[in-house]
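Bear in mind that the values here come from a model prediction, so they are computed numbers and not experimental data. When reading the values below, keep in mind they use all heavy atoms of this one structure, side chains included, and skip hydrogens, waters and symmetry mates. Letters A, B, ... are given to chains in the order of the sequence lines, protein chains preceding strands, and every chain is numbered from 1.
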Protein chains: 2
Amino acid sequence: MQLSQLRQEFVLHFGEMGSRWGINRTVGQIYALLFLADEPLCADQIVEALGFSRSNVSMGLKELQSWNLVRLRHRPDDRRDYFTTPADLWEIVRTLVAERKKREIDPTLSKLRELEMTRPAPGDEAAHARIAELRRLIETLTRFHAELEALETERLVALLNMGARLGKVAAGAGRLLPMRRKA
Amino acid sequence: MQLSQLRQEFVLHFGEMGSRWGINRTVGQIYALLFLADEPLCADQIVEALGFSRSNVSMGLKELQSWNLVRLRHRPDDRRDYFTTPADLWEIVRTLVAERKKREIDPTLSKLRELEMTRPAPGDEAAHARIAELRRLIETLTRFHAELEALETERLVALLNMGARLGKVAAGAGRLLPMRRKA
DNA sequence: CGCGCGTTTCAGAAATTCCTGAAACTCATT
DNA sequence: AATGAGTTTCAGGAATTTCTGAAACGCGCG
């Protein structure tokens, strides 16, 4: 299949960006292709469109599935897997954030907790304290993320659009509420 | 120099995570070392502590500077560069977010705008619309980021600690204010 | 069971990224 | 302008990651 100029450029761009995103070029391109596709695609259609080897596409799809970034569909009388991306873009963003947190933050948080449990050797007191401080900061962010995660999209979008006005809310809160210490 | 167990583990962990973060192992380790160091370190001290080649350390420091993640210090009567990480962790988070946005989001936003300018070929209408939708979503997030960026740390932390209560604020806003369409 | 259709695994080739040592460069000092 | 401490650049070797084709596997069906 020949991709249109539009699709072609979009796909190539996502391929390049893929590397900056911790996914590889192939996976980025597959995702981009699915994102624009008018209907679900099966592995062979992807091979056809992008010219990768069959196994590479298979791997790529597996990786996208492990990221929860694609959905599986089936057609009657056809046992091939067809793939789509969720129609709701906000859902995609949530998934992306959640998965990156899982891969990039959570392991570090465990490690920090583990290090914090040990008694610092002489000379390591300041370093130990710095680790604790970092751990607290990450937990604050994590808690905040969990709470946003729990909002329905409607409210989340309303919140985002409130933007700067939140600053005032926060200023009020800062004065009126006992702030959790240190943070 | 022999690193203490604590520092050693922290440094190695950041090295491993580095790869998931789009910086390489060396750079991750250098950053971790500086982060825990009780005082600024110069390149040779880093070589000594981590056992990398001098030029590798030089490259790594250059990359960290390009990310704005380290600060330069000098000692009287010593023209070597000494490096530290900012004492304020929130400043580090801000930098990190800003830089990642610059590298991972901004180029895509330009590309999407560019693609959106072109008239879609027949058959590409839906794809074109999806691109526009994605562009709008990224702009919403970008605008929000810019507004958080502008808050002083105090307010930002207060906001983060408000957490779930923001949901209520947003619900109110959703009803009372004309929401920007689509979002 | 044995066939057909589809997916997954895997070892090695290809490509990319990382790291090093040597050489080049900078700049204050004599 | 020569010295020397310090930094940067760079070509190529080392290590890692990505990609491929071939073979193995899974499973519904006659």
Side-chain angles (χ1 to χ4, degrees), chain A residues 11-34 40-67 69-84 103-104, chain B residues 11-34 40-67 69-84 103-104:
Chain A
V11 162
L12 290 180
H13 177 83
F14 267 59
E16 307 238 318
M17 293 310 284
S19 357
R20 307 197 186 183
W21 266 86
I23 62 177
N24 66 37
R25 186 160 58 266
T26 312
V27 174
Q29 292 193 18
I30 293 174
Y31 187 78
L33 183 71
L34 290 174
L41 301 179
C42 70
D44 286 317
Q45 294 173 296
I46 297 170
V47 167
E48 167 83 351
L50 301 180
F52 303 143
S53 75
R54 186 52 231 273
S55 54
N56 197 2
V57 168
S58 198
M59 299 276 225
L61 288 170
K62 211 170 118 193
E63 178 155 3
L64 287 172
Q65 284 179 279
S66 85
W67 277 77
L69 282 171
V70 293
R71 304 256 167 286
L72 217 53
R73 288 297 166 72
H74 286 101
R75 294 185 175 305
D77 301 329
D78 183 344
R79 60 197 180 78
R80 280 174 295 186
D81 291 337
Y82 285 78
F83 298 87
T84 25
R103 285 152 213 255
E104 300 181 355
Chain B
V11 162
L12 289 180
H13 177 83
F14 266 60
E16 308 239 318
M17 294 310 284
S19 358
R20 307 197 186 183
W21 267 86
I23 61 175
N24 66 36
R25 186 158 61 268
T26 313
V27 175
Q29 293 195 17
I30 294 174
Y31 187 77
L33 183 71
L34 290 176
L41 301 178
C42 69
D44 286 316
Q45 294 174 297
I46 297 171
V47 167
E48 168 84 351
L50 301 179
F52 302 144
S53 75
R54 186 49 232 274
S55 54
N56 197 4
V57 168
S58 197
M59 300 276 228
L61 287 170
K62 211 170 119 190
E63 178 155 2
L64 287 173
Q65 284 180 281
S66 87
W67 277 77
L69 282 171
V70 293
R71 303 257 167 286
L72 217 53
R73 286 299 166 72
H74 286 101
R75 293 184 177 306
D77 299 329
D78 182 345
R79 60 199 182 75
R80 279 174 295 187
D81 291 337
Y82 285 78
F83 297 87
T84 24
R103 284 153 213 254
E104 301 180 356

Is there any protein nitrogen or oxygen under 3.5 Å from a nitrogen or oxygen in nucleotides 4-8 of chain D, and what are the pairs?
{"residue": "D:dG4", "atom": "N2", "partner": "B:Arg79", "partner atom": "NH2", "Å": "3.3"}
{"residue": "D:dA5", "atom": "N3", "partner": "B:Arg79", "partner atom": "NH2", "Å": "2.9"}
{"residue": "D:dG6", "atom": "OP1", "partner": "B:Arg80", "partner atom": "NE", "Å": "3.3"}
{"residue": "D:dT7", "atom": "OP1", "partner": "B:Asp81", "partner atom": "N", "Å": "3.1"}
{"residue": "D:dT7", "atom": "OP2", "partner": "B:Arg54", "partner atom": "NH1", "Å": "3.2"}
{"residue": "D:dT7", "atom": "OP2", "partner": "B:Arg54", "partner atom": "NH2", "Å": "3.4"}
{"residue": "D:dT8", "atom": "OP2", "partner": "B:Ser58", "partner atom": "OG", "Å": "3.1"}

- Note on the structure: To the nearest angstrom, the CZ-P distance between B:Phe52 and D:dA15 comes to 14 Å
- Item | Check: B:Ser58 side chain, B:Ser55 main-chain N or O, donor-acceptor pair, under 3.5 Å | no
- Message: Return the CD1 to CH2 distance between B:Ile23 and B:Trp67, rounded to the nearest 0.5 Å.
- Response: 7.0 Å
- Go through DNA chain C in 5' to 3' direction and return only the first and the last nucleotide with some atom under 4.0 Å of chain B's heavy atoms. C:dC18 to C:dG21
- Is the closest side-chain heavy-atom distance between A:Phe52 and A:Val47 below 4.5 Å? no
- With side chains defined as the heavy atoms from C-beta onward, is the minimum distance between A:Tyr82 and A:Leu41 less than 4.5 Å? no
- Query: Does the side chain of B:Val11 reach to within under 4.5 Å of the side chain of B:Leu50, using non-hydrogen atoms?
  - Reply: yes
- Note on the structure: Applying side chain to side chain contact (heavy atoms under 4.5 Å, CB included) to A:Leu12 and not counting sequence neighbours gives A:Gln8, A:Gln29
- Task: Identify, residue by residue, the members of residues 13-25 of chain A with a heavy atom below 4.0 Å from DNA chain C, and return them in order of residue number, or none.
- Result: A:Arg25
- Working to the nearest 0.5 Å, report the span between CZ of A:Arg71 and CD of A:Gln65. 10.5 Å
- Pair listing, side chain to side chain donor-acceptor pair (under 3.5 Å) test, anchored in residues 13-23 of chain B, at least two apart: A:Thr108-B:His13
- Note on the structure: ring pair (Phe, Tyr, Trp, His ring centres under 6.0 Å) filter on B:Phe14, not counting sequence neighbours, yields B:Phe10
- Message: Taking the side chain as everything from C-beta on, heavy atoms only, tell me whether B:Gln45 gets closer than 4.5 Å to B:Leu33.
- Response: no
